[in-house]
Engineer: 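Before anything else, here's the structure in question.
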Amino acid sequence: MVEISKTGITLRQLQILREVVRSGSERAAAKALEITQPAVSQQIRILEGLLGVQLFVRDKGRLLPTAQTMVLFRDTDATFVQMERIAKTVETLKGVDSDTISIAAPYVFSLRLLPEAFHKLRSRQQVAAIVLKSGTYPEVADHVLEGRADIGIARLPLDGNVFDWCPATTATNVYIFPRGHRFAQKDIIRPEDLVREPLADVEPQMQSHLMNENALRYMGAEPHLAIQVDVIGQEVSFVAAGLGISSSNTFAARQYVSFPVEVRPFEPSALYHYVVFWQKGRRLGTLLQEAVNVLVECAQYEMERPDL
């Protein structure tokens, strides 16, 4: 076993610690690592002896990490994530293609785009498993940069020093609102139409939402953020329930066809460039390249469909 800087602690012990923290039990950690539960218990006891601290407390059958454990876990987890990233890079350099891929994308694209893309990908390639990582656009970029995802869907700007990408589609601003809303009588929604309208929207730091809120403030009206969510796509449920209207863009709004909402263009509008991206310089194997192709195809087809 590899010892860390003459501490007596091995990478294997830290790997076991990591799995116990992540799973909350020695049994689950043993299953994940394909070893016995007594072996997990023994290594945790040895690690506690080497560190001179208690690593876990038991609560209703679960192992709860102590504060000292979480300090060690954060560095340990980051190390193993980096090692997993290196392993993928080595496989790529050796020309070994994995049959499992991980994709990072905002949650909103799980409503329609990704299920359809995954179905098409499986019809073209042998795929054992697909892992989805969600988050905000910056979080999606971090998933790819730190190796938790092979490829991602996001919109520009991205750092060209660390990412390569393939253009997918462009989008412009829209507003979504419940059926029967007065906006259904309009062809275009403008800032003055938003005055006194309750908003069900994503956190205000999102660029498009800041633009719309600033337009209201320019007219002397303070935005009424009635419902605030932190995941792109959650807001549509509240719009459909009649609790507010929400800003979006033509690409994201395409995901909402199963909800009882309507969409109208908003002006002035920005132009958003969506891409499928990956770590700069990474050679994409057959499966990953086909995944990129499928995502781009589905994104472009999404914008041509007449159902929204």
Side-chain angles (χ1 to χ4, degrees), residues 15 18-19 22-23 28-35 77 79-135 137 139-155 158 162-169 231-233 251-252 254-255 257-258 274-305 307:
Q15 185 183 36
R18 179 192 187 214
E19 288 301 329
R22 292 168 67 180
S23 65
K31 184 177 180 180
L33 295 170
E34 298 181 343
I35 58 177
D77 188 56
T79 298
F80 278 97
V81 166
Q82 183 65 18
M83 290 172 64
E84 289 160 5
R85 177 181 174 183
I86 292 171
K88 287 183 179 180
T89 301
V90 170
E91 288 180 350
T92 298
L93 292 174
K94 293 172 64 178
V96 177
D97 288 341
S98 172
D99 59 0
T100 297
I101 63 173
S102 52
I103 299 174
Y107 162 78
V108 64
F109 297 114
S110 299
L111 298 177
R112 187 163 82 157
L113 176 75
L114 290 175
E116 293 183 356
F118 293 168
H119 188 274
K120 180 176 287 190
L121 180 62
R122 287 184 183 277
S123 73
R124 297 183 184 180
Q125 294 286 329
Q126 185 68 35
V127 186
I130 298 172
V131 178
L132 180 62
K133 299 288 187 180
S134 61
Y137 290 110
E139 288 169 344
V140 165
D142 285 343
H143 283 315
V144 175
L145 179 62
E146 295 173 9
R148 293 186 292 272
D150 297 308
I151 57 177
I153 301 173
R155 62 193 194 194
L158 288 171
V162 294
F163 296 121
D164 288 323
W165 59 77
C166 180
T169 191
V231 175
I232 303 169
F251 186 38
R254 289 271 170 176
Q255 310 304 304
V257 291
S258 62
Y274 280 89
V275 298
V276 180
F277 70 103
W278 54 93
Q279 293 172 7
K280 190 172 187 65
R282 177 173 182 175
R283 187 191 70 82
L284 300 181
T286 302
L287 178 56
L288 281 180
Q289 185 59 65
E290 193 60 42
V292 171
N293 295 341
V294 165
L295 288 169
V296 170
E297 289 173 20
C298 288
Q300 293 176 349
Y301 175 65
E302 190 85 330
M303 299 301 287
E304 297 170 356
R305 294 167 71 156
D307 55 0

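From a predicted model like this one, the values you see are computed outputs, not experimental measurements.
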Engineer: Which heavy-atom pair separates Ser23 from Ala29 by the least distance, and what is that distance?
Structural biologist: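 Here Ser23 and Ala29 meet closest at OG-N, 3.5 Å.
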
Engineer: Assess the residue pair Val231 and Val108 against the criterion (side chain to side chain contact (heavy atoms under 4.5 Å, CB included)); give the C-alpha distance rounded to whole Å, side-chain angles, the decisive distance to 0.1 Å, and a yes or no.
Structural biologist: CA-CA 8 Å; Val231 175; Val108 64; over 6 Å; no

Engineer: Using side chain to side chain contact (heavy atoms under 4.5 Å, CB included), reason through Trp278 and Val292 one step at a time and then give a plain yes or no.
Structural biologist: CA-CA 9 Å; Trp278 54 93; Val292 171; 4.1 Å; yes

Engineer: Do Arg122 side-chain atoms and Val127 backbone N/O form a donor-acceptor pair below 3.5 Å?
Structural biologist: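 Present.
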
Engineer: Just by modelled atom types, is the Leu113 backbone N or O under 3.5 Å from a matching donor or acceptor in the Gln255 side chain?
Structural biologist: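 Yes; at least one donor-acceptor contact below 3.5 Å.
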
Engineer: Could you pull out all residues at least two apart from Gln15 that satisfy side-chain contact (heavy atoms from CB on, under 4.5 Å)?
Structural biologist: Arg12, Leu33, Phe80

Engineer: Output yes when a side-chain donor or acceptor of Ser102 lies under 3.5 Å from a complementary backbone atom of Asp150, and no otherwise.
Structural biologist: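 At least one qualifying donor-acceptor pair exists.
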
Engineer: Can Lys133 and Glu139 be counted as an ion pair, charged N to O under 4.0 angstrom?
Structural biologist: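 Glu139 and Lys133: not salt-bridged.
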
Engineer: Let's go through Ile153 and Leu295 carefully: what are the C-alpha distance in whole Å and the side-chain angles of both, what is the deciding distance for side chain to side chain contact (heavy atoms under 4.5 Å, CB included) to 0.1 Å, and is it a yes or a no?
Structural biologist: CA-CA 8 Å; Ile153 301 173; Leu295 288 169; 3.8 Å; yes

Engineer: My understanding is that only residues two or more places apart in sequence, or in another chain, count here; which of them pass salt bridge (charged side-chain N to carboxylate O under 4.0 Å, His left out) with Lys120?
Structural biologist: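 Expected list: Glu297.
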
Engineer: Determine whether a donor-acceptor pair (N or O, by modelled atom type, separation under 3.5 Å) exists between the side chain of Gln279 and the backbone of Val144.
Structural biologist: yes

Engineer: Angle between ring planes, Phe109 versus Phe251, binned at 30° and 60°: parallel, tilted or perpendicular?
Structural biologist: tilted

Engineer: Distance from Leu288 atom CG to Arg283 atom CZ, nearest 0.5 Å?
Structural biologist: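 It comes to 9.5 Å.
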
Engineer: Quick one: do Arg124 and Glu290 satisfy salt bridge (Lys or Arg N to Asp or Glu O under 4.0 Å)? Show the steps, please.
Structural biologist: CA-CA 8 Å; Arg124 297 183 184 180; Glu290 193 60 42; 2.7 Å; yes

Engineer: Between the side chains of Asp142 and Arg148, is the shortest nitrogen-to-carboxylate-oxygen separation below 4.0 Å, so that they form an ion pair?
Structural biologist: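 Between Asp142 and Arg148 there is no salt bridge, as every charged N stays at least 4.0 Å from the carboxylate O atoms.
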
Engineer: For the backbone of Val275 and the side chain of Arg155, can you confirm whether one donor and one acceptor N or O come within less than 3.5 Å of each other?
Structural biologist: no

Engineer: If I compare all heavy atoms of Ser134 with all of Tyr107, which pair ends up nearest, and what's the gap?
Structural biologist: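 Closest heavy-atom pair between Ser134 and Tyr107: CB-N, 4.2 Å.
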
